[in-house]
Amino acid sequence: MISHLAICFSYLVLGLSLLLAGCTSYIPHDVFPYPTVNGTSDKEVKVVTIPLPVIASSPNEGITAGALAAFLLHDENDNINALLAPQVNHNNNFGVTSTFYAAFYPSPDRFWETNLSKSTIINEDYEFRLRDKTFLDKKLELNLFAFAYSDGSARFFGFNSKTPVQSETNYTDTEIGFNLSVGYDIGKHFQVVLGERYRDVEIEPGAVTGIPYIKHRFTALSVPGINGFVAHAQRISLVYSTLDSFTAPTFGGFAKLTFENSSKALGGAADYRHYEGEFKGFIPLDNARYISVFRLVYNQTLGENVPFLEQSILGGENSLRGYGRNRFIDNSYFLLNLEERIRLFRWEIFNVMADWELAPFIDMGAVMERLDRSNGRQFEFNPGIGFRAVVRPNIIGRVDIGIGRDGPALFVGLGYPF
């Protein structure tokens, strides 16, 4: 882990040096197709080009290193209208990966994102994400996430909260599917959301050859879904929100109650139900230089022969940050995240203003059969620290380092964890 941190620090120094090698140019509006620019763009579009090293890490994937060029296109108000980022990187497990990432912000109520990625060994990822709240006088919100990917770094340790690291197995998680939801505002702060979710999963040999293959250690009787499965579920949610921003909130509260049902009659692998309650709060101080953030989540899965990847799961960059993705699996989980987001300074470079944040955090959570049968010994306590670069209102880059009983875990990615 120390060597990983040293590599990250070296790349950070290199990245800051390359920032100074970036440039700003002005290109005629007509050169760019929609949605790269929109009606609020000037006749000449300001394009900030920044070459950067790529340094990413996670407990499952290990170190990934390479380079990218970030192209930031601005509108007439000097807000970022689009981000285009081609990149090439290398990972010992997956070889050379070529990626093209693009995010478009045609209006404050519309957001499109796509990611196209292909590795020389197993991994590939094709994603499209849309959020659009421009319908019915901005009362109707559409969200769509469509995906097809193969992840050769996936891990499975077994079920319950105390699975030992010695039981670790590897596999390739190959999936295709979508997640669609439509929300309608009922009042100033409430929303009813109806959703449809589909995923077709295949389990194949993984890319990490030094770890046993899941099917060599577990069977279909002990791990439902190990031979692949289909999930097809419908859900309904009630949402309450007073957040001041969808992507980078600084103030407000959020609550969401969800019921989801999957049935064999509609093509699912089994009959089961998900229940989830999520609560978040953002409390600013000193003109939002300090933002105290909390999240509380309880999730329960009820049913028989529920595929293992459809059960309640903890671990990874957005839940227990002291562990790799999908580290703990059982019928239910309880999760508490506490984080203090501290703006250290604001730095303007090439007329792009970024907030640089320090974020000490504590994650506490456990998987369990159900909450009333849990005890304190099941819970994981993960302290850690995050580093964030925020270009408001849309772009967040982050590095999070969490400490779990398996050792430190390092994550690099985009967006706030919650």
Side-chain angles (χ1 to χ4, degrees), residues 8-26 36-37 40-42 45-57 66-87 101-105 108 111 113 115 243-251 282 284-293 317-318 339-361 384-401 410-418:
C8 289
F9 179 77
S10 300
Y11 269 84
L12 176 62
V13 173
L14 177 60
L16 292 174
S17 301
L18 287 174
L19 275 174
L20 302 178
C23 65
T24 299
S25 55
Y26 292 85
T36 309
V37 296
T40 63
S41 299
D42 286 329
V45 178
K46 185 176 83 171
V47 180
V48 177
T49 304
I50 305 175
L52 285 171
V54 172
I55 177 66
S57 176
L68 66 79
F71 300 91
L72 284 67
L73 283 65
H74 293 68
D75 63 18
E76 64 181 4
N77 298 317
D78 212 27
N79 295 317
I80 294 175
N81 186 69
L83 166 64
L84 309 177
Q87 66 175 277
Y101 171 83
F104 306 100
Y105 313 97
F111 164 74
E113 179 183 64
N115 188 74
L243 300 182
D244 59 349
S245 169
F246 178 78
T247 54
T250 63
F251 172 82
F282 299 79
L285 293 173
D286 191 15
N287 197 27
R289 182 171 183 177
Y290 305 91
I291 304 174
S292 301
V293 187
E317 60 269 34
N318 296 324
E339 185 169 288
E340 186 70 23
R341 297 173 184 172
I342 305 167
R343 186 176 73 239
L344 300 177
F345 56 88
R346 283 181 168 158
W347 183 23
E348 182 177 352
I349 184 167
F350 305 113
N351 297 318
V352 176
M353 181 68 72
D355 290 346
W356 296 80
E357 295 181 349
L358 183 70
F361 64 81
I385 192 158
F387 304 92
R388 316 280 165 75
V390 183
V391 180
R392 299 187 187 278
N394 300 312
I395 300 173
I396 301 101
R398 65 180 170 113
V399 177
D400 284 344
I401 304 169
L410 172 67
F411 296 98
V412 180
L414 294 174
Y416 279 119
F418 54 90

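Computed from heavy atoms alone, side chains included, the values below leave out hydrogens, waters and symmetry copies. Just so it is clear, the structure is predicted and the values come from calculations on it, not from any experiment.
- Side-chain contact check for Val47 versus Leu72: every heavy-atom pair is 4.5 Å or farther apart.
- In this structure a side-chain-to-backbone donor-acceptor pair under 3.5 Å is missing from Arg341 to Tyr290.
- Contact check on Arg388 versus Asp400 returns a salt bridge, with a Lys/Arg side-chain nitrogen under 4.0 Å from an Asp/Glu carboxylate oxygen.
- Between Glu340 and Arg289 there is no salt bridge, since none of the side-chain N atoms of the basic residue sits less than 4.0 Å from a carboxylate O of the acidic one.
- At a cut-off of 3.5 Å, with distance as the only test, no side-chain donor of Glu113 or Tyr105 sits close to an acceptor on the other residue.
- Taking OH of Tyr416 as the reference point, atom CD1 of Ile396 lies at 5.5 Å (rounded to 0.5 Å).
- No side-chain donor-acceptor contact under 3.5 Å links Arg398 to the backbone of Gly386.
- Side chain of Asn77 to backbone of Asn79: no donor-acceptor contact under 3.5 angstrom is found.
- Note that CG of Leu243 is 9.5 Å distant from CZ of Phe251, once rounded to the nearest 0.5 Å.
- Rounding to the nearest 0.5 angstrom, the gap separating the CG atom in Asn394 from the OG1 atom in Thr247 is 5.0 Å.
- Atom CG of Asp286 is surrounded by more than 12 heavy atoms from other residues, nucleotides or ligands within 6.0 Å.
- Between the OH atom in Tyr101 and the CG atom in Leu84 there is a gap of 10.5 Å [rounded to 0.5 Å].
- Under a 3.5 Å cut-off, the side chain of Asp355 and the backbone N or O of Arg346 do not form any donor-acceptor pair.
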